[in-house]
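Working notes, structure below.
Both backbone and side-chain heavy atoms feed into the values below; hydrogens, waters and symmetry mates do not. These figures come from a predicted structure and were not determined experimentally.
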Amino acid sequence: MAQPGGSRPVTVSDVQQLVKRKDEIEAQIKACYELLEGQKGVGMNEPLVDAEGFPRDDIDLYQVRTARHNIICLQNDHKALMKQVEEALHQLHAREKEKHARDEAEALAEAMSQNQRLPQAFAKVNAVTPGSPASISGLQVDDEIVEFGSVNVNNFQNLQNIATVVQHSEGRPLSVTVIRSGKKVHVGLTPKRWAGKGLLG
């Protein structure tokens with residue numbers, strides 16, 4: 001397994017393996033402490049000689065020494081491993097942050113290129129009468145019209161073009177595309193007679 005800081009980027013499974021190893025070491029340390037506990041409760045620092053300076057005969061000196069030695073080694077391993085876990089987590093978080101920043105930059109670039117790809121508008125809505133067919137369809141003031149039925153920037157000459165389309169489409173839904181706040185919005189508009197003037201309002 002590549003260690004953190006190696007040439008290969010750290011993965012979540014690397015961190016999981018390190019944590020598993022850490023748990024194993026902690027279990028071994030616990031077992032060594034239990035062994036010391038079983039030897040009349042000698043810990044890490046109790047003397048192994050009696051009052052006269054002779055090795056104690058009420059405990060297994062070899063086992064105690066081995067357990068103490070193992071605990072010291074394992075604690076060092078544990079410390080080193082914790083450092084690795086920390087570094088690996090830092091790397092993972094740094095990568096997540098980088099990825100997040102990259103995703104945001106890509107989304108921004110995408111939005112910018114969408115803006116550049118927005119079609120050309122040929123008219124702007126400057127008034128919408130409340131309750132009119134235009135208002136009911138969701139048209140809003142300042143919407144820029146890019147398509148009105150069959151009329152678009154390529155064949156639009158004057159507002160008479162729109163009037164003609166409206167008259168021919170009375171009672172039938174028209175597909176209208178507008179640019180609103182920098183985004184393309186599709187509106188279904190059905191020209192029809194209403195209380196006000198014209199078929200749209």
Side-chain angles (χ1 to χ4, degrees), residues 1-51 53-121 138 140 142-144 146-147 175 177-188:
M1 182 182 79
Q3 295 304 333
S7 55
R8 184 170 72 77
V10 177
T11 63
V12 173
S13 82
D14 287 341
V15 175
Q16 286 168 341
Q17 275 182 282
L18 289 171
V19 169
K20 188 165 163 248
R21 176 95 186 90
K22 172 189 84 78
D23 291 343
E24 284 166 9
I25 290 179
E26 283 169 1
Q28 287 174 316
I29 292 174
K30 185 167 176 279
C32 289
Y33 270 117
E34 279 168 4
L35 194 142
L36 290 179
E37 201 52 51
Q39 294 290 323
K40 301 256 191 295
V42 287
M44 290 295 285
N45 305 310
E46 280 73 11
L48 300 184
V49 290
D50 59 21
F54 292 108
R56 287 172 58 173
D57 57 7
D58 60 336
I59 55 174
D60 184 331
L61 290 177
Y62 176 74
Q63 268 199 339
V64 171
R65 282 212 178 99
T66 308
R68 284 182 175 182
H69 174 75
N70 287 347
I71 287 173
I72 291 165
C73 293
L74 287 165
Q75 280 174 338
N76 288 338
D77 290 351
H78 187 264
K79 208 163 151 189
L81 201 59
M82 288 308 286
K83 200 164 178 305
Q84 281 186 7
V85 169
E86 204 179 319
E87 276 173 21
L89 286 173
H90 275 311
Q91 278 192 39
L92 275 183
H93 287 310
R95 271 226 310 289
E96 274 305 310
K97 250 162 105 173
E98 263 173 47
K99 186 179 175 302
H100 187 63
R102 247 199 333 270
D103 290 349
E104 278 192 346
E106 278 170 22
L108 194 65
E110 176 69 21
M112 299 290 275
S113 66
Q114 286 244 275
N115 283 350
Q116 285 152 12
R117 287 203 299 270
L118 285 174
Q120 196 70 42
Q140 294 178 9
D142 287 338
D143 278 352
E144 295 177 57
V146 289
E147 272 175 17
S175 170
T177 305
V178 300
I179 294 174
R180 180 181 302 160
S181 322
K183 289 194 181 71
K184 243 166 62 162
V185 178
H186 295 285
V187 177

### Message
For the backbone of Thr11 and the side chain of Asp14, can you confirm whether one donor and one acceptor N or O come within less than 3.5 Å of each other?
### Response
yes
### Message
Test your reading of the model: is there a side-chain donor-acceptor pair from Arg180 to the backbone of Asp142, 3.5 Å cut-off?
### Response
no
On a heavy-atom basis, which atom in [X] and which in [Y] lie closest, and how many Å separate them?
{"X": "Pro55", "Y": "Leu61", "answer": "CB-CD1, 3.3 Å"}
{"X": "Val15", "Y": "Ala88", "answer": "CG2-CB, 3.7 Å"}
{"X": "Val10", "Y": "Arg95", "answer": "O-NH2, 2.5 Å"}

Rounded to the nearest 0.5 Å, what separates atom [atom1] in [X] from atom [atom2] in [Y]?
{"X": "Glu24", "Y": "Asp77", "atom1": "CD", "atom2": "CG", "result": "12.0 Å"}
{"X": "Leu48", "Y": "Arg56", "atom1": "CG", "atom2": "CZ", "result": "7.0 Å"}
{"X": "Arg68", "Y": "Cys73", "atom1": "CZ", "atom2": "SG", "result": "14.0 Å"}
{"X": "Arg21", "Y": "Leu81", "atom1": "CZ", "atom2": "CG", "result": "6.5 Å"}
{"X": "His69", "Y": "Leu74", "atom1": "NE2", "atom2": "CG", "result": "9.0 Å"}
{"X": "Asp23", "Y": "Leu18", "atom1": "CG", "atom2": "CG", "result": "11.0 Å"}

For residues 32-40, dump all side-chain donor-acceptor pairs below 3.5 Å to protein atoms at least two apart in sequence or in another chain.
from: Glu34; atom 1: OE2; to: Lys30; atom 2: NZ; distance (Å): 3.1
from: Gln39; atom 1: OE1; to: Asp60; atom 2: N; distance (Å): 2.7
from: Gln39; atom 1: NE2; to: Gln63; atom 2: OE1; distance (Å): 3.1

### Query
Of all residues at least two apart in sequence or in a different chain, which pass the side chain to side chain contact (heavy atoms under 4.5 Å, CB included) check with Lys99?
Arg102, Asp103
### side-chain contact (heavy atoms from CB on, under 4.5 Å) evaluation trace for Glu96 with Leu92
CA-CA 6 Å; Glu96 274 305 310; Leu92 275 183; 5.8 Å; no
### Query
Should we count CD of Gln120 as having more than 12 external heavy atoms under 6.0 Å?
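No - once you tally the heavy atoms of other residues, nucleotides and ligands closer than 6.0 Å, there are 12 at most.
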### Query
Below 4.5 Å, heavy atoms only, C-beta onward: do Val178 and Glu144 meet side chain to side chain?
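Side chain of Val178 against side chain of Glu144, heavy atoms only: no contact under 4.5 Å found.
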### Query
Are the side chains of Val42 and Ile59 in touch, meaning some heavy atoms are under 4.5 Å apart?
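Yes; the side chains approach each other to less than 4.5 Å.
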